[in-house]
Amino acid sequence: MQEKHPGEQEFLQAVKEVLLSVEPIYNTHPEFERAKIIERMVEPDRILTFRVTWEDDRGELHVNRGYRVQFNNAIGPYKGGIRFHASVNLSILKFLGFEQTFKNALTTLPMGGAKGGSDFSPRGKSEAEIRRFCQAFMLELWRNLGPDQDVPAGDIGVGGREVGYMYGMYKKLQREHTGSFTGKGLQFGGSLLRPEATGFGALYFVNQMLQDQNMDISGKTVAISGFGNVAWGAALKATQMGAKVMTISGPDGYVFDPDGISGEKIDYMLELRNSGNDIVAPYAEVYPKAEFHAGKKPWECPVDIALTCATQNELNEQDARMLIDNKVKCVAEVSNMGCTAEAADLFIENRMLFAPGKAVNAGGVATSGLEMSQNAMHLSWSSDEVDQRLHHIMSSIHEQCLAYGKEGNYINYVKGANIAGFMKVAQAMLAQGPL
Ligand code: 2IT
């Protein structure tokens, strides 16, 4: 693995976690071994990289690199988000595409795994610059997309606005108004509840984890990291369920609000995000009772529930130790691979209630799948209908984790999610022959 993917730390980390989980079951299936399922699964179907040239507001040209990793389409068309962030590289997109494959399998819907993006940083860019970048990016990628081929969506740095610009360009070039993107605006084929879905789904999942241990989410304190779309949806649903959200965070530090982050403060998160500055410090100026801790992460706060909602590897071993010492009751990755391998191992060794991103945050892509269904049928469902389906999907994912993750009284959600996702993809690959 290491030699074939040199230096790709995040990708190797994601693969190692899955392989360790599935090893025992893999060994009881010689037909998987004969079909070289693992070797095929860790190699993306194809990787597209391309130059993106765009012009800033002063007329200066810039060159960024665009990517699409079409990882695996054994169970459905390629599906997964697009990330615009300065940190984007092939290792990160391969890890995300790999994770997406198993996550999408868990959703019960027919979607393969993919991920794309660019090292373009939206930070401090004007609206017009963002638009020109999105259009330039699509000018290259459009040929590889289609409702039954590859269907992108948003991720870090890509929200409704960016999807609108990319989809507009796609439609112009393809001359078809088909559902080749999800996370679209409600006026042109988007699904109700898609913006909320990742956070809402995560809280439905966390609620089930707690209920399974005879705990109630109401009255619990919650630490949330990040302040983007995922953190927003999580804060909204946690508050609705009667929990108290104590923190949000950005690259500049975290905010602790002793009164809880609810109501208009959650709306204010959107304003902060829309400023394009990628900082949370202004929250403490608008709400003076809140404390801003520069350069720190929210995991030092004593809370009942910790939710990573920002990015990969944002909670490390030391953070995990602090949370355990502070008697955290439940930790859930809402960001993809939010915890380092050491942090995740520590939670599992300590028999903590801990669940991985590919289960917890699958409500986002699941609702993208529901958007695809609505587009294919040329109709739109009410938000109640979408919410009911999302509920159903999240409990089905929880059940799949239980089916494969029970270790005596302990539920190893990492193992459960990895095996359940793997088995579905492996069986689909086996059935379709050695391609
Ligand atoms: O990580 C993810 O699951 C997403 N960014 C959403 C992908 C999607 O296609 O909705």
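Atoms within a ligand are numbered from 1 in the order they appear, just like the ligands themselves. These values consider heavy atoms only, across backbone and side chains, with no hydrogens, waters or symmetry-generated copies.
Residues W299 and A223 share a closest heavy-atom pair of CZ3-O, 3.9 Å.
At a 3.5 angstrom cut-off on N or O pairs, A153 does not count as close to ligand 1. By the 3.5 Å distance cut-off applied to N or O atoms, Q100 is counted among the residues near ligand 1.
Proximity of N336 to ligand 1, defined as any heavy-atom pair under 4.0 Å, is confined to the side chain (atoms from C-beta onward). Neither the backbone nor the side chain of K358 has any atom closer than 4.0 Å to an atom of ligand 1 (non-hydrogen atoms only).
Between E385 and R389 there is a salt bridge, since a side-chain N of the basic residue sits under 4.0 Å from a carboxylate O of the acidic one. Between E371 and K184 there is a salt bridge, with a side-chain nitrogen of the basic residue lying less than 4.0 Å from a carboxylate oxygen of the acidic one. The pair K329-D304 counts as a salt bridge, with a side-chain nitrogen and a carboxylate oxygen less than 4.0 angstrom apart.
Regarding atom 7 (C) of ligand 1, its nearest protein heavy-atom neighbour is G81 N, 3.5 Å. Atom 5 (N) of ligand 1 has as its closest protein heavy atom D155 OD1, 2.9 Å. The protein heavy-atom contact nearest to atom 4 (C) of ligand 1 is K115 NZ, 3.7 Å. Taking atom 3 (O) of ligand 1 as the reference point, the nearest protein heavy-atom neighbour is K103 NZ, 2.6 Å. Of all protein heavy atoms, the one lying nearest to atom 6 (C) of ligand 1 is R194 NH2, 3.5 Å. Here the heavy atom of the protein found nearest to atom 10 (O) of ligand 1 is S368 OG, 2.5 Å. For atom 9 (O) of ligand 1, the closest non-hydrogen atom on the protein side is K79 NZ, 2.6 Å.
Between R83 and ligand 1 there is no heavy-atom distance shorter than 4.0 Å. Residue contact check for ligand 1: M111 places no non-hydrogen atom closer than 4.0 Å to it. Residue G357 places no heavy atom under 4.0 Å from ligand 1. By the 4.0 Å heavy-atom criterion, E99 is excluded from the residues contacting ligand 1.
When each of F205, F354, Y404 is checked for a ring-ring contact (aromatic ring centres under 6.0 Å, His included) with Y413, only F205 meets the rule. Of the options E99, K103, Q312, a side-chain hydrogen bond (donor to acceptor under 3.5 Å, both in side chains) to N336 is made by K103 and by none of the others.
Using cut-offs of 30° and 60° for the angle between ring planes, the F71 and F98 rings count as perpendicular. Using a 30° and 60° split on the angle between ring planes, F422 and F32 fall in the perpendicular class, above 60°.
The ring of F133 has its center closer than 6.0 angstrom to the ring center of F84.
With 3.5 Å as the limit, one finds no donor-acceptor pair spanning the side chains of Q174 and S180.
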